[in-house]
Amino acid sequence: MDPILDGLNDKQREAVVAADGSVLVLAGAGSGKTRVITNRFAYLIREKNLKMENILAVTFTNKAAGEMKERIARLTGESTSHSWVRTFHATGLMIIRRNPETIGYPHNFVIYDADDSKDVAGSVMQDLHINTTVYKTGPVMHSIFRAKDNMITPAEFENDAATEIDKITASVYREYEKRLRENFALDFNDLLLMPIRIFRENPRLLEYYQNLWRYMMIDEFQDTNIAQYQFMKLVVSRDKHICVVGDDDQSIYGWRGANIENIYKFKRDYEPTVVPLEQNYRSTQLILDAANNVVNKIPGRMEKRLWTARSGGDKIGLIETMRETDESRVIADTIRDLSAKVGYDKIAVFYRTNSQSRVLEEAMLRANIPYRIFGGQKFYERKEIKDVIAYIRLIINPFDRQAFERIVNIPARGVGNVGKQKLISYAKEMGISYVEALTKAGEVSGIQRESVRKLDDLGQVLFELNQSLEQISPTNFVKILIDSVDYKKYIRDFDETGAERWENVEELVNSVKELEVSGEGSTVVDFINSITLHAEIDDLKEENERETVSLMTIHNAKGLEFPVVFISGVNDGLIPHSNSRHSPEQMEEERRLFYVAVTRAKDKLYMSLSGSRIVYGEIIPTKPSVFLLDIPSELFDPIQTHSMYDTRTSSAGKGMGKFTNRPAAAKPGPAEEPAYTYEGKIGSAEKGESVGGMDELKSGDRVRHPMLGAGTVKSVSAKLMQIEFDNWGLRAMGGNFLSSLRKI
DNA sequence: CGACCAGGAAACGGC
DNA sequence: TTCCTGGTCG
């Protein structure tokens with residue numbers, strides 16, 4: 001009896017025992033991939049006599065990593081607390097956290113999520129007087145993210161910039177990077193790029209990790225980007241004991257920088273042993289037939305054909321209605337009928353776009369069906385949570401401009417955009433932190449007397465909290481913070497959702513407590529960084545609730561399975577999405593997305609579509625999805641077809657035969673560009689002077705600052721001191737912040 | 001100068 | 001339907 005090798009099929013076992021050298025596991029949907037990875041991990045430990053920490057196993061989601069750890073612990077009977085089973089991001093964070101000085105960062109740097117990054121870009125664009133009605137922050141940020149995914153530096157981007165928008169993006173990119181460094185912040189891409197830099201610049205560190213991680217495994221390899229490929233290359237360069245697991249048919253994150261080519265490139269570069277896993281343990285043969293027909297149209301894919309021992313199977317139910325509301329209603333009715341035999345938790349409804357969820361949600365409510373929406377707004381993306389996190393960030397790093405801009409007028413302190421910009425200019429010219437600038441608001445012209453008092457109070461509070469950072473527990477710290485700025489009153493009165501928002505803040509405090517107890521968030525910085533990387537934080541608390549139907553986007557459904565699946569909105573313009581229409585690559589990705597949706601179903605699949613959809617309040621006629629044509633009509637069950645042409649009488653017998661679907665001129669939404677005008681914004685430029693006298697320290701002294709590191713005193717005056725920091729250049733500092741300077 | 005309101009644009013997917 | 005921007009009032 002061997003728990004590691006028994007019960008695997010031949011191919012799975014082959015993948016598990018192929019220990020040395022390069023291996024590519026082509027894991028079809030539902031082929032027992034997770035089992036292969038975890039068993040392989042356990043096998044390596046046993047057969048190669050390795051310790052947990054000798055294998056680096058990276059995935060894309062915390063959920064997947066958690067699942068793997070749990071199964072590995074069960075298989076090996078060992079604790080996984082020292083394992084390197086992590087997401088790419090968490091792995092990168094760990095490397096940076098251990099060596100922040102190699103990139104000139106203090107130990108308590110912070111992580112910015114995509115939203116924060118977008119705020120930075122917006123603020124940068126304002127500084128550069130870029131008209132944001134012409135050049136939207138979103139697309140600019142998107143380009144910057146893609147550039148970073150592909151390891152294109154601002155300089156390279158600038159060189160290649162041919163169009164006006166690219167030139168503008170190049171300037172924003174350059175400034176964006178600078179701003180992140182000034183804020184001691186890292187964006188998600190940096191969590192990969194910085195370790196690569198660290199490894200390249202510090203060969204001994206790289207060697208250390210190469211020795212430590214003697215084997216590497218990467219899950220969902222089709223979702224990796226160029227930076228991640230580089231990271232892999234560096235880490236495994238010596239022994240090339242690398243096993244990648246992926247499925248090019250499930251590559252659906254191209255828009256996020258994933259490079260489907262990586263999987264083909266790996267095959268060329270590493271000449272791996274290729275192990276295809278084609279036996280599916282999830283779905284009926286009928287569902288697989290439908291899936292295969294959808295995906296086998298894609299040229300250049302790695303040929304594989306899923307099969308299962310579960311021959312036959314229920315046909316696909318097809319729901320066609322005239323209106324979106326009817327579509328949702330029929331779905332709800334069908335679910336209610338099903339619920340006599342199948343638990344609600346066995347049923348999932350998928351949609352392409354989040355905006356489709358509303359109508360579905362209403363139908364569920366009306367039909368009294370318990371449901372739960374996965375994804376949607378994440379816990380840490382909520383305003384109230386971001387506010388508190390921004391406060392914490394500003395306390396940790398009083399130079400964090402993004403955090404400052406966010407909270408300086410929350411709660412209202414009579415400072416608007418103009419006052420904000422003035423304070424920022426003032427701080428910059430005086431070379432002081434934003435927190436210190438608060439205490440000097442009186443010296444900034446045009447700020448109301450009442451505001452000056454409030455800002456000064458805030459500055460004092462933030463300074464004191466900064467001082468107590470190391471002295472009190474994270475939980476108490478956050479409690480005191482919330483209390484000191486009167487956040488409870490502010491958020492309670494925010495609007496009618498105030499009470500709920502306050503509950504979220506309380507929930508935040510609870511999670512600080514939890515992380516504190518578990519040791520994961522032993523410092524406040526650990527805590528906020530961990531929250532930023534943990535998108536699924538709100539999933540945790542609702543786990544053991546009653547049985548509910550699961551509603552989610554198809555992207556969210558990847559990696560999951562349900563006995564009964566509804567794919568809603570199988571319409572042209574939704575899937576494939578209208579934005580993908582003009583790009584063959586994107587159309588292929590849409591096709592794969594549809595494939596992913598189909599392959600989530602174990603026993604029964606439904607597809608639904610509507611003859612019209614409401615877009616911005618207008619009823620727009622829509623055609624069925626072209627993908628429906630690729631599924632043989634005999635796989636559909638005509639009995640369950642609700643005619644879109646007659647909602648009263650059953651259309652039994654018509655089925656797909658009547659399907660008239662011409663994938664030509666469908667044009668659900670207008671695509672014209674609006675006419676734009678350019679308006680530059682006028683910025684204020686004021687001069688600041690910084691001279692005075694200072695007691696203990698004199699020019700030439702070496703000092704250390706908790707955030708800025710070591711530096712040399714350049715000039716000393718009454719209230720200000722100019723210090724040339726080794727990593728951060730010349731800064732003028734004054735007042736309270738000098739007390740955190742240490743002579744060295 | 002900031003708060004508030006009205007009108008216009010707007011939403012693909014997310015670690 | 002919501003979200004953001006620009007204009008006006010206090």
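Chain naming here is simple, since letters A, B, ... match the order of the sequence lines and numbering starts at 1 in each.
- In this structure the side chain of A:Ser612 reaches within 4.5 angstrom of the side chain of A:Ile619, judged on heavy atoms.
- Of the side-chain N and O atoms in A:Asn417, none sit less than 4.0 angstrom from OP1 or OP2 of B:dA3.
- Using cut-offs of 30° and 60° for the angle between ring planes, the A:Phe184 and A:Tyr105 rings count as perpendicular.
- DNA chain B is contacted by both A:Val415 and A:Arg256; A:Val415 maps to the nucleotide lying nearer its 5′ end (nearest heavy atom per residue).
- For A:Lys558 and B:dG13, the shortest distance from a side-chain N or O to OP1 or OP2 is not below 4.0 Å.
- The side chain of A:Thr61 lies closest to B:dC15 when the candidates are B:dA11, C:dT1, B:dC15.
- At whole-Å resolution of the value, OH in A:Tyr135 and C1' in C:dT5 are 19 Å apart.
- Here the P atom of nucleotide B:dC12 and the CD atom of A:Glu588 are 21 Å apart, to the nearest Å.
- Rounded to whole Å, the distance from CD1 on A:Ile410 to P on B:dA3 is 11 Å.
- Comparing A:Ser580 and A:Gln448 along DNA chain B, the residue whose closest nucleotide (by nearest heavy atom) sits nearer the 5' end is A:Gln448.
- Using a 5.5 Å limit on the distance between ring centres and a 30° limit on the angle between planes, the aromatic ring of A:Tyr253 does not count as stacked on the six-membered base ring of B:dG14.
- Under a 4.0 Å N-O distance rule, the pair A:Arg329/A:Asp326 qualifies as a salt bridge.
- Computed from coordinates, the A:Arg581 CZ to B:dC12 P distance equals 13 Å when rounded to whole Å.
- OP1 or OP2 of B:dA3 sits under 4.0 Å from a side-chain N or O of A:Asn409.
- Comparing B:dG13, B:dA11, C:dT2 against the side chain of A:Tyr616 picks out B:dA11 as the nearest.
- Look at OH on A:Tyr112: it is 20 Å from C1' on B:dG14, rounded to the nearest Å.
- Backbone-only engagement by A:Phe60 is indicated by non-hydrogen atom pairs under 4.0 Å involving sugar-phosphate atoms exclusively.
- Candidate nucleotides B:dC1, B:dA10, B:dC12 were compared by shortest atom distance to the side chain of A:Asn579, and B:dC12 ranks first.
- Distance from the side chain of A:Glu589 is smallest for B:dG13 among the nucleotides B:dA11, B:dG13, C:dT1.
- Rounded to whole angstrom, the span from the CZ atom of A:Phe88 across to the P atom of B:dG14 amounts to 20 Å.
- The A:Trp255 side chain lies nearest to B:dG13 when the options are B:dC1, B:dG13, B:dC12.
- Listed pair A:Asn556 / B:dG14 meets the phosphate criterion, a side-chain N or O lying under 4.0 Å from OP1 or OP2.
- Straight-line distance from the CD atom of A:Gln250 to the P atom of B:dG13: 20 Å, rounded to whole Å.
- Listed candidates were B:dG13, B:dA10, B:dC12. Nearest to the side chain of A:Asn354 is B:dG13.
- Going from the P atom of C:dC4 to that of B:dG13 covers 15 Å, rounded to whole Å.
- The distance from atom CG of A:Asp387 to atom CZ of A:Arg382, rounded to the nearest 0.5 Å, is 13.5 Å.
- Residue-environment remark: CD (A:Glu361) exceeds the threshold of 12 foreign heavy atoms within 6.0 Å.
- Contact between the side-chain N/O atoms of A:Lys420 and the OP1/OP2 oxygens of B:dC1 is not found at any separation under 4.0 Å.
- Residue A:Thr553 is in sugar-phosphate contact alone, with no base atom involved, counting any heavy-atom pair closer than 4.0 Å across all strands shown.
- Between the CG atom of A:Asn62 and the P atom of B:dG14 there is a distance of 16 Å, rounded to whole Å.
- Taking atom P on both B:dA11 and C:dG6, the two are 15 Å apart, rounded to the nearest angstrom.
- Listed nucleotides B:dA3, B:dC15, B:dC1 differ in distance to A:Ala412; the shortest reach to its side chain belongs to B:dA3.
- Counting any heavy atom pair closer than 4.0 Å across all strands shown, A:Asp223 reaches no nucleic acid atom.
- Between A:Tyr253 and A:His555, the ring-plane angle classifies as tilted under the 30° and 60° cut-offs.
- Using a 4.0 Å cut-off between a side-chain N of Lys or Arg and a carboxylate O of Asp or Glu, A:Lys386 and A:Asp113 qualify as a salt bridge.
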